[in-house]
Structures are given as structure tokens and as C-alpha cells.
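Structure record follows, encoded as C-alpha cells.
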Amino acid sequence: MGSKWRKAKLALGLNLCAYLPRTLDDDDDGYSSLPSTERLSDAALLSPLSSVNMAASGPMTPLPSANGLRLSKSLSRSASKSSKQTCSICLMKMKQGGGHAIFTAECSHSFHFHCIASNVKHGNQICPVCRAKWKEIPMQSPSLDPPLGRAAVNPVGWPQNDALMTVVRRLPPPRRDLSRRHVVPLFQAPEPGVFNDDESLDHLPVVAESTNASDNSSLRTIEIKTYPEVLEAPRSSSYDNFTILVHLKAAATVANQSSSRNHASLPQLYQNPRAPVDLVTVLDISGSMAGTKLALLKRAMGFVIQNLGSNDRLSVIAFSSTARRLFPLRRMSDVGRQQALHAVNSLVANGGTNIAEGLKKGAKVMEDRRENNPVASIILLSDGQDTYTVTGAGANKSQPNYQLLVPLSMHGSDNTGFQIPVHAFGFGADHDASSMHSISEISGGTFSFIETEAVLQDAFAQCIGGLLSVVVQELQVGVECMNPSLCLGPLKAGSYPSRVAADGKTGVIEVGDLYADEERDFLVSVKVPAESSECETSLLKVKCVYRDPLTKEMTNLESDDVRIQRPEVAGQEVVSIEVDRQRNRFQAAEAMAEARTTAELGDLPGAVSILENCRRVLSETVSAKSHDRLCIVLDAELKEMQERMASRHVYEASGRAYILSGLSSHSWQRATARGDSTDGSSLVQAYQTPSMVEMLTRSQAMLLGSPSTQRLVQPVWSLGSQPKPR
């Protein structure tokens with residue numbers, strides 16, 4: 001091995017560079033045992049311009065002999081031949097028709113077009129191989145439109161002032177894996193001050209009209225049902241807290257109705273109309289994400305990219321100590337997907353964790369876009385704690401203010417609902433569950449706890465399964481008393497903003513978006529007085545106002561009046577199991593919140609006792625005695641939480657995150673990933689819709705290596721590094 005490096009020294013002494021990769025026959029320690037003066041540094045080996053830098057520094061050896069000159073000429077011819085087959089920047093093979101443009105310079109050396117364009121963009125006009133100065137270069141301006149008569153560096157017009165990465169093969173390669181590649185970040189040009197470079201939507205305009213769907217069931221996107229706690233009450237009795245359940249269910253999409261027929265074909269599934277999405281993913285690439293975590297993140301993002309439609313747009317923000325937009329909002333066409341896959345697979349992990357900066361940049365992408373898709377959302381993933389805003393220098397660590405992490409534009413509004421929900425994913429045991437849960441609550445998104453790394457892709461799949469099936473937007477639910485003697489009490493709506501008018505006659509719940517087949521249950525309490533002569537009492541009416549995300553139509557929908565019979569003497573009182581079921585859910589959620597607060601104060605036995613008391617109360621309800629599934633699910637979930645409070649160590653590692661993800665799910669009535677499973681058959685899972693299950697099925701089939709789905713993930717691995725073994 002030593003003789004080969006001496007030959008290389010001779011070539012370098014003549015401003016030439018010979019590529020002598022280590023073979024399986026080479027001794028493992030041959031290279032490391034060379035004297036330091038005969039070894040190339042790692043930095044030199046990784047640098048695309050290492051040969052130029054070394055040559056510029058002068059000869060490394062004395063002038064060669066005549067034999068050395070003949071050898072160097074031979075090496076020169078060999079290198080020249082090799083340079084026509086291999087890009088000297090990324091050291092990857094160049095092949096006509098291989099899907100990459102090839103640039104041949106005046107000096108006859110050839111490179112991948114995108115590789116040399118990145119170098120030229122930053123002012124390098126010298127050949128990396130022979131140091132000849134070029135007069136004609138691929139592009140001299142960073143503008144989106146190429147100069148007249150010259151080809152664009154980027155065939156789809158993506159700006160090149162975002163994070164520029166290249167994949168470089170390290171020399172000498174490890175003996176066990178000669179194909180391992182390392183991703184090296186290049187110089188990053190400044191980002192634009194305004195992110196108004198989103199790709200055009202080209203949507204046909206739709207005239208918005210107001211529709212009354214009360215008399216036309218075919219137009220109804222939402223089904224309204226109401227359930228009083230009892231159907232009849234004695235005329236002489238009064239109730240201070242008479243409960244009425246308001247049940248809403250969104251209609252199924254055409255895609256859901258036909259998904260069983262089209263399951264094997266991804267494009268067919270989304271040929272049916274649905275609301276397109278603007279999605280921004282804010283991804284943690286701090287040092288703790290290195291290795292398996294980053295590889296799994298790339299795979300999960302590959303799944304997301306491949307399952308977005310051509311009208312959906314995606315932008316990716318990567319953050320560590322700072323944040324950077326990898327590319328603007330771009331449509332996920334075939335070309336867009338490949339560009340997005342390349343950008344994601346170029347990520348490297350290093351630095352700290354600056355969640356606030358990542359969210360700030362993600363919000364800016366949404367705020368500055370010129371056009372809007374009907375649905376907009378942000379996905380945030382982090383495996384650590386913010387070390388700059390909440391726990392950084394000058395921060396109040398005893399009482400952290402998590403609102404500082406969330407830009408104002410993401411805060412929910414009582415008037416307009418939540419416009420940019422952040423769906424937060426806590427990855428592993430070291431993430432800050434309290435901050436991630438707070439971010440999701442403030443913005444109107446959900447918080448998922450990914451305890452097992454391998455579940456990451458499934459968690460993303462469940463989330464986008466919902467986002468790609470929005471059928472209702474800006475939903476507002478109103479309740480109105482139908483009797484002047486009635487008065488509304490509190491509205492139980494979980495995390496949804498609600499309010500009751502000062503006179504107690506009307507109330508409003510701001511719901512926002514609904515996915516296809518998604519259900520919502522709210523409890524309305526009414527103060528019902530005794531009746532003197534009436535045999536029936538009209539209690540209230542439910543009204544819904546919502547927007548269709550595709551047509552932009554505003555629709556008004558009303559329920560029938562909720563009535564109860566008022567006989568002089570009532571028979572045996574029969575409590576509605578539907579009402580009892582939802583009472584149990586709200587009661588369990590309240591117990592979870594109280595137990596969490598108690599645990600944070602250090603009283604784990606007290607927290608366990610709160611959960612145990614709740615389980616005991618639920619076991620005596622009508623639902624439990626009827627073996628209601630939701631009651632069984634709630635009991636299993638409360639038991640799991642008790643076990644995760646067995647000790648302070650267990651609570652810190654997983655208990656807090658598990659409870660907060662459960663609270664998020666129940667308060668929004670929306671599916672979240674909890675612990676190590678997103679399996680709908682698990683007793684601790686709820687609120688999954690058919691669209692979510694469909695996307696989960698596709699994800700799990702791909703992870704199992706189904707031939708029909710392997711090709712979806714292939715571009716991801718062909719562009720990025722394989723996951724490191726544990």
C-alpha cells in the first residue's frame with residue numbers, strides 16, 4: 001500500500017492527481033501506518049477541490065527522477081481516461097443517458113452539470129482537475145432565469161440559494177463497505193429576505209356561493225345528531241345540569257369510498273378530487289439525530305414526499321443551532337419529488353437544537369407565499385430540548401415560557417380558528433415533551449410521542465393520511481336555546497375554543513377543519529326548570545357553518561330541535577349510553593391532566609392515585625356495565641399511564657410524553673401516535689379515520705418490503721446514505 005501512495009506523491013508533485021482507492025487486498029492498517037507526511041488528511045480527501053489545494057501548496061516531494069516522470073505521464077493518461085468516466089467533484093460515475101446532465105469544459109474535463117454549477121456559482125472559474133481558467137462557464141448569475149442562450153443550472157427552476165449539499169465518496173473507503181458515502185455541506189448562499197418564491201398553483205378559479213343544505217341531504221358534508229341524557233323527565237323536576245350530546249361526523253371522500261379498489265395504485269387513489277395541501281416540515285438535524293435517527297427520518301420523509309399529489313406543495317426547513325430552508329414551496333410533481341428527495345437525503349446532523357428558529361422560518365414560508373392551497377399545515381419533529389430560547393442563557397428555567405417558541409402567526413385565534421396548525425412529533429426519550437405539547441396546543445395541532453424509532457414513518461403516515469383528506473374547513477358549531485326559560489351552562493369542547501353569550505341563550509364552538517369520516521362530540525349543559533303543564537320541552541337547536549375547501553362555498557346546516565317528554569310521573573330513568581360514553585371520556589381526560597400536574601410537582605403516588613380513582617368511577621358507569629369499547633379503551637389507557645409513573649426515571653423517560661400525547665388526542669379528538677404503536681387495533685388508539693388507516697397500511701406494507709411499494713422508497717436510498725447499524 002505504501003508504494004501506491006508514493007506513486008501518488010509523484011503525481012501530486014507534478015500538479016496531477018491520481019485516484020488510487022483501497023482494495024480488499026490492501027492491509028487495513030497500511031494507510032494508517034504510513035508516516036504523517038505521506039498520509040492525506042480526511043479534510044483533503046473529502047474536499048472536491050483537494051487536488052487543487054494540494055497542488056497549489058507546492059510539491060510534497062523532491063523533483064521526480066526520469067522513471068518518476070514516465071510514471072507520472074502514465075498516471076496522467078490514466079487519470080484523463082478516468083476523468084471522462086467519473087465526475088471529479090462527487091467521484092460518481094458519469095454515463096450518457098443516466099439521468100444527469102454532463103458538462104465538458106474547454107480543457108476537456110467533464111463533470112456532472114449540477115456539481116460544477118454549484119462550484120461556479122460561488123465564484124470558482126478554475127478547473128478542479130488541471131487548474132485551467134475557464135472563459136465559458138455553466139452560469140454566472142444566481143437568478144432563477146438563466147442567461148439567454150445558456151442552459152439553466154436547475155432544470156425545474158428551483159432557486160440555488162438554499163442549502164447546497166453534495167454527496168462525496170470518501171477515500172479510502174472502509175473495507176467492509178466500499179460504497180459508503182458521506183454527505184458534505186458546501187458553502188451556503190444567503191436566503192432571500194421574502195419567501196415569495198412558491199411554485200404557482202395553476203388552479204382553476206371557483207365561484208364561491210352560500211348554500212343552505214338543510215333541505216338537501218345530498219349536499220350535506222356534515223351529519224348532526226343530538227342525544228339528551230334522558231328522553232323523558234318528570235314535569236315537576238328541574239335540572240341545573242341537564243346534558244345534551246352534540247355529535248358531528250364528516251362525510252367520506254370519494255377516494256375513501258373507492259380506496260379498496262385502487263389500493264394497489266397510488267396515482268389512482270388521488271385522481272378523485274380532494275383539497276390540496278401546503279405542507280412545511282420543520283426537521284431537527286442536531287447532533288443527537290446522527291446515525292439511525294437521521295436515516296429513519298430520511299426514509300419517513302421519502303414516504304411523505306412520494307404520497308403527496310402533484311397539486312400538493314412541500315417545503316422543508318432543517319434546524320440545528322440555526323435554521324435553513326432547503327427549498328421553497330414546490331409542487332410534488334415527478335420532478336419535484338426527485339428534487340425534494342435529493343434535498344432531504346443531503347442532510348447531515350450536527351449542532352444544537354433551536355426549535356424557535358425552525359418554527360420561525362416555517363411560519364415565514366407560510367406567511368410570504370404568493371398563493372395558498374386550501375389546506376396548510378406544519379409538521380415539527382425534534383428529539384431534543386430547545387437550548388436557545390427556553391433553556392438558553394437568560395431564560396427562566398424553573399418556569400419556561402413555551403409560547404416564546406411559537407411565532408405569533410401560529411397562535412390560535414378565537415375569531416378565525418386555527419390557520420396554521422403545528423403537528424409536533426417528539427422523537428425518542430430525550431425530547432422535551434412539555435414544549436412540543438405546548439407548541440401543538442397553542443397552534444391547534446396534535447402532539448405525538450414516538451417512543452420506538454422504527455414507528456416514525458407510521459406516525460408521519462397517519463398524520464398526512466388526515467391532512468390529505470380535509471373535507472370541512474372553518475367549522476363553527478352554534479347552540480341556541482329554544483325556550484326562553486332555559487339557560488346554557490358550560491360547554492365541554494376539550495381544546496376547541498368555546499364561549500357562551502352573557503345572557504346564556506347561545507353558545508359557539510370553533511372547530512376548524514375536519515378530515516373525511518372524522519367525528520366530534522361535545523357536551524352541552526342546560527338549566528331546565530320544572531314545567532307546570534307542558535307535556536314536552538324544546539331544549540335547543542344546533543347550527544353548523546362551514547366552508548367547502550374545494551369550492552370555497554359557505555354552507556349553513558341546522559339540526560332538528562332537541563326535545564324531551566315531560567310526563568307527570570316518569571318511568572324508570574334510562575340514561576343515554578352515548579351521553580354516558582362521552583362523559584367518561586371527558587372525565588378520563590380531566591383525570592389525566594390532574595395526574596400530570598401532580599406528577600410534575602413530584603408526587604407520583606398521588607398522581608397514580610388520581611388515575612386509580614378515575615378507573616374505579618368509570619367501572620361503575622352504564623357504559624362499563626354495557627362493555628362499551630370506549631370505556632375499555634379509557635381504562636387500558638389509564639392503566640398504562642399508571643405503569644409509566646412507577647418511578648421518577650420512568651416518568652421522565654416516557655410517562656410525561658405518553659400522558660401528553662394522550663391528552664392531545666382526547667382534547668382534539670384526533671389520532672396521535674402514542675408510545676411504540678400507531679396500530680388501530682391497540683386498545684390505547686382512537687380517532688383514526690379510514691384515510692389514516694389506508695396510509696398506515698401503505699407505510700407498513702412498504703416497511704415489510706412489498707414489491708409494489710419498494711419502488712417508492714428506492715429513490716430515497718439511491719440519493720442518500722444507508723442507515724448505520726446499531
Side-chain angles (χ1 to χ4, degrees), residues 227 229 243-249 433 437 441 446-449 451 462 490-496 518-525 575-599 604 606-646 650-651 654-689 692-693:
Y227 302 89
E229 63 174 287
T243 305
I244 301 168
L245 168 65
V246 177
H247 174 81
L248 309 175
K249 182 175 182 179
H437 177 259
E441 283 291 303
T446 56
F447 167 61
S448 292
F449 168 39
E451 185 174 19
Q462 178 173 268
L491 304 178
K492 288 196 173 184
S495 292
Y496 292 102
E518 209 168 29
E519 302 178 39
R520 293 291 180 268
D521 293 288
F522 306 111
L523 293 181
V524 180
S525 62
V575 178
S576 166
I577 192 170
E578 288 84 3
V579 174
D580 188 69
R581 178 188 298 130
Q582 296 306 319
R583 278 177 173 167
N584 291 344
R585 181 177 62 83
F586 279 106
Q587 188 168 354
E590 291 169 359
M592 294 174 194
E594 184 181 358
R596 185 244 170 174
T597 301
T598 303
L604 286 177
V608 172
S609 177
I610 291 171
L611 298 176
E612 182 62 33
N613 290 337
C614 182
R615 293 179 63 195
R616 184 165 52 252
V617 171
L618 294 184
S619 67
E620 300 297 326
T621 62
V622 174
S623 300
K625 294 176 181 178
S626 302
H627 304 289
D628 179 70
R629 174 173 171 76
L630 178 59
C631 196
I632 296 173
V633 166
L634 291 173
D635 183 74
E637 190 172 1
L638 292 169
K639 181 180 179 182
E640 178 76 12
M641 291 178 181
Q642 286 180 280
E643 294 173 354
R644 290 177 184 262
M645 290 181 170
V650 174
Y651 178 74
S654 68
R656 177 187 292 115
Y658 188 88
I659 291 177
L660 289 175
S661 61
L663 282 172
S664 177
S665 183
H666 289 305
S667 64
W668 295 112
Q669 299 180 59
R670 183 159 279 171
T672 63
R674 258 175 279 175
D676 58 359
S677 176
T678 53
D679 183 6
S681 64
S682 171
L683 287 179
V684 296
Q685 294 302 318
Y687 311 115
Q688 281 183 343
T689 67
M692 294 178 180
V693 174

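- Residues passing the side chain to side chain contact (heavy atoms under 4.5 Å, CB included) test with Ser626, sequence neighbours excluded: Ile577, Val622.
- Salt bridge Arg644/Glu640: present, at least one basic N to carboxylate O contact under 4.0 Å.
- Using a 4.0 Å cut-off between charged nitrogen and carboxylate oxygen, Arg583 and Glu229 count as a salt-bridge pair.
- Applying the salt bridge (charged side-chain N to carboxylate O under 4.0 Å, His left out) rule to Arg615 yields the partners Glu612, Asp635; only residues at least two apart in sequence or on another chain are considered.
- Residues satisfying the ring pair (Phe, Tyr, Trp, His ring centres under 6.0 Å) test with His666, not counting sequence neighbours, are Tyr687.
- Annotation: side chain to side chain contact (heavy atoms under 4.5 Å, CB included) contacts of Thr689 (sequence neighbours excluded): Glu518, Ser691, Met692.
- A donor-acceptor contact shorter than 3.5 Å links the side chain of Arg520 to the backbone of Gln669.
- Looking only at side-chain heavy atoms (C-beta outward), Glu519 and Leu248 stay at 4.5 Å or farther from each other.
- Residues forming a side chain to side chain donor-acceptor pair (under 3.5 Å) with Tyr227 (at least two apart in sequence, or on another chain): none.
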Step by step, would you call Ile244 with Val579 a side chain to side chain contact (heavy atoms under 4.5 Å, CB included)? CA-CA 7 Å; Ile244 301 168; Val579 174; over 6 Å; no
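- Of the possible polar contacts, none joining the Ser667 side chain to the Ser495 backbone as a donor-acceptor pair under 3.5 Å is found.
- Checked by atom type and distance alone, the side chain of Ser665 pairs as donor or acceptor with a backbone atom of Arg670 at under 3.5 Å.
- Across all non-hydrogen atoms, the minimal contact from Ala593 to Leu663 is N-CD2, 3.8 Å.
- With values rounded to the nearest 0.5 angstrom, Thr243 atom OG1 is found 9.5 Å from Leu245 atom CG.
- The side chain to side chain donor-acceptor pair (under 3.5 Å) search around Ser576 returns Glu578, not counting sequence neighbours.
- For the atom pair OG of Ser623 and CG of Leu630, the computed distance is 7.5 Å after rounding to the nearest 0.5 Å.
- Here Leu611 contributes atom CG and Ile659 contributes atom CD1; the two are 6.5 Å apart, rounded to the nearest 0.5 Å.
- Note: His437 NE2 to Phe449 CZ = 14.0 Å, rounded to the nearest 0.5 Å.
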CA sep, side-chain torsions, deciding dist, call: Lys639, Met641, side chain to side chain contact (heavy atoms under 4.5 Å, CB included): CA-CA 5 Å; Lys639 181 180 179 182; Met641 291 178 181; over 6 Å; no
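- Of all heavy-atom pairs spanning Thr621 and Leu618, the tightest one is OG1-O, 2.7 Å.
- Summarising the geometry, atom OG1 belonging to Thr598 is positioned 9.5 Å from atom CG belonging to Leu604; distances are rounded to the nearest 0.5 Å.
- Counting heavy atoms from C-beta on, the side chains of Asp521 and Val246 never come closer than 4.5 Å.
- Shown here for Ala595 and Ala607, the closest heavy-atom pair between the two residues is O-CB, 3.3 Å.
- At distances below 3.5 Å, at least one donor-acceptor pair connects side-chain atoms of Ser664 with backbone N or O atoms of Phe447.
- Of the inter-residue distances, the one linking Asp580 atom CG with Arg585 atom CZ reads 13.0 Å to the nearest 0.5 angstrom.
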Given side chain to side chain contact (heavy atoms under 4.5 Å, CB included), test Lys492 with Glu590 step by step and report yes or no. CA-CA 11 Å; Lys492 288 196 173 184; Glu590 291 169 359; 3.7 Å; yes
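- Looking at every heavy atom in both residues, Ala588 comes nearest to Cys614 through CA-SG, 3.8 Å.
- Looking only at side-chain heavy atoms (C-beta outward), Ser661 and Ser448 stay at 4.5 Å or farther from each other.
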If you apply the rule side-chain hydrogen bond (donor to acceptor under 3.5 Å, both in side chains), what do you find for Asn584 with Arg581, and how did you get there? CA-CA 5 Å; Asn584 291 344; Arg581 178 188 298 130; over 6 Å; no
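- Taking every heavy atom of both residues into account, Tyr496 and Phe522 meet most closely at CD1-CE2, 3.9 Å.
- Side-chain contact check for Leu660 versus Arg596: some heavy-atom pair is nearer than 4.5 Å.
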Chi angles and distances behind the side-chain hydrogen bond (donor to acceptor under 3.5 Å, both in side chains) call for Gln462, Gln688: CA-CA 8 Å; Gln462 178 173 268; Gln688 281 183 343; 2.6 Å; yes
Working note: Glu643 + Tyr658, criterion side chain to side chain contact (heavy atoms under 4.5 Å, CB included); need CA distance, chi angles, decisive distance, verdict. CA-CA 11 Å; Glu643 294 173 354; Tyr658 188 88; over 6 Å; no
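- A salt bridge links Glu637 to Arg674: one of the charged nitrogens lies within less than 4.0 Å of a carboxylate oxygen.
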